[in-house]
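Report on one structure; see the data block that follows.
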Amino acid sequence: METRKVLLFMGPQGSGKGTQAQLFARRHGYRILSTGDILRKEAMKGTELATQISNTMNEGGLISDELIFKVLRNHINELPKTENLILDGFPRTEKQAVQLDSVIDVTCTIYILLSVEEAVQRISGRVQCPEGHTYNTISAPPTEKDICDVDGLTLSQRKDDNEDAVRHRLAIHEKEIANVLGHYRTQQKLFTIHGDATIDEVSQEIEAKLAPYAN
Ligand code: AMP
C-alpha cells in the first residue's frame with residue numbers, strides 16, 4: 001500500500017500549472033516531476049533520439065505515449081517511495097492516464113482552465129531558466145532582467161513558445177484533454193479551477209481544494 005501523495009497539475013499551456021505546482025511544492029515539501037523539463041534535458045544530449053524529441057517539441061507536437069511513459073517511469077522508480085510528488089504535464093492523453101495508474105496511485109488532480117486567446121497572450125511573454133523556473137516579462141517579471149531569482153541562471157524564451165507552435169499545442173490539448181478529465185472525474189479525483197485570476201488568487205483556491213494534502 002502506497003503512503004505517498006501524488007497530485008497532478010493539468011491545464012493548457014499558459015494556464016500557470018507549472019508556477020502553481022512550484023508554489024504548492026515549495027510550501028508543502030512535494031517533489032515536482034515535469035515531463036516538459038525532463039524532455040528538455042533529454043533533448044540536449046546530442047543523440048539521434050534527442051534530435052527527434054527536440055524536433056517534436058519545437059513544432060509543439062506530443063512525444064509518443066510509449067516513450068514519455070518509459071522516461072517518466074524511470075524517474076519515478078529512482079525516487080524513494082515515501083516522497084510526495086506533483087506531476088506537471090503528465091498525463092496529456094487518456095492512454096497516459098491509464099499507464100500512470102499501473103505504476104502509481106494518483107491522490108488528486110487539479111485542472112486549471114484558460115481560454116485559447118488568453119493562453120497565447122500569456123505564453124508570448126514567458127521566459128524560463130534551464131532549471132524550469134518560469135517568469136512572465138509582463139505579469140510576473142524577475143527582479144533582475146533576464147536573470148532567475150532562484151538560481152541566478154540566464155532566462156530565455158523556449159523555442160516552442162512562438163505563436164504557431166503554441167496554437168498547435170493548444171489544439172492538441174483541446175482534442176485530448178476531455179478524455180483525460182473524464183478518467184479522473186470517474187475516479188472522483190478531479191478539481192477544476194479558473195486560471196484567469198492573479199497567481200495569488202489561483203494559488204489560494206488551489207490551497208483550499210488541496211488542504212487535505214498539505215503537510
Ligand atoms: P511543457 O513544458 O509541459 O509545456 O511541455 C513541453 C513539450 O514537451 C510539449 O509540447 C510536448 O512536446 C512535450 N511533452 C511534455 N509532456 C508530455 C507528455 N505527457 N506527453 C507527450 N509529450 C509531452
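Both counts, for ligands and for their atoms, begin at 1 and track the order of listing. As the structure is a computational prediction, the values presented were derived from the model and not from experiment.
Residue pairs meeting the salt bridge (Lys or Arg N to Asp or Glu O under 4.0 Å) criterion with at least one member in residues 187-211, sequence neighbours excluded, are R27-E207.
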For salt bridge (charged side-chain N to carboxylate O under 4.0 Å, His left out), just list the numbers for R167 and E117, CA-CA rounded to whole Å, side-chain angles, deciding distance to a tenth of an Å, and then say yes or no.
-> CA-CA 9 Å; R167 287 197 184 274; E117 286 317 313; 3.2 Å; yes
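Closest protein heavy atom to atom 4 (O) of ligand 1: R158 NH2, 3.1 Å. Taking atom 9 (C) of ligand 1 as the reference point, the nearest protein heavy-atom neighbour is R92 NH2, 3.9 Å. Looking at atom 14 (N) of ligand 1, its nearest protein heavy atom turns out to be L39 CD1, 3.4 Å. If you check which protein heavy atom lies closest to atom 2 (O) of ligand 1, you get R40 NH2, 2.9 Å. Distance from atom 7 (C) of ligand 1 to its nearest protein heavy atom, with residue and atom name: M57 CE, 3.7 Å. In this structure, atom 20 (N) of ligand 1 lies nearest to the protein heavy atom Q96 NE2, 2.9 Å. At the top of the distance list for atom 12 (O) of ligand 1, counting protein heavy atoms only, stands G61 O, 2.5 Å. In terms of protein heavy-atom proximity, atom 22 (N) of ligand 1 is nearest to I63 N, 3.1 Å.
Residues M57 and I68 share a hydrophobic cluster, clusters being chains of Ile/Leu/Val/Met/Phe/Trp/Tyr side chains in contact below 4.5 Å.
The two residues P142 and L155 come nearest to each other via the heavy atoms CG-CD1, 3.5 Å. Closest of all the heavy-atom pairs between P12 and Y111 is CD-OH, 3.4 Å.
Applying the 4.0 Å criterion to heavy atoms of T35 picks out, from ligand 1, the atoms 15 (C), 16 (N), 17 (C), 19 (N). Less than 4.0 angstrom separates some heavy atom of G89 from each of these atoms of ligand 1: 16 (N), 17 (C), 18 (C), 19 (N). Set against the non-hydrogen atoms of L62, the atoms of ligand 1 under 4.0 Å away are 21 (C), 22 (N). Residue R169 approaches ligand 1 through these ligand atoms, each under 4.0 Å from one of its heavy atoms: 4 (O), 10 (O). Against a heavy-atom cut-off of under 4.0 Å, K17 is close to the following atoms of ligand 1: 3 (O).
Taking a 4.5 Å side-chain heavy-atom cut-off between Ile, Leu, Val, Met, Phe, Trp and Tyr, the cluster of L62 extends to I172.
Using a 4.0 Å cutoff on heavy atoms, P91 does not count as a contact of ligand 1.
Residue E66 is tested with K95, Q99, Q96 for a side-chain hydrogen bond (donor to acceptor under 3.5 Å, both in side chains); the sole match is K95. Of the candidates T154, L153, D151, L153 is the only one forming a side-chain contact (heavy atoms from CB on, under 4.5 Å) with P130.
Between the side chains of Q187 and D101, at least one donor N or O lies within less than 3.5 Å of an accepting N or O.
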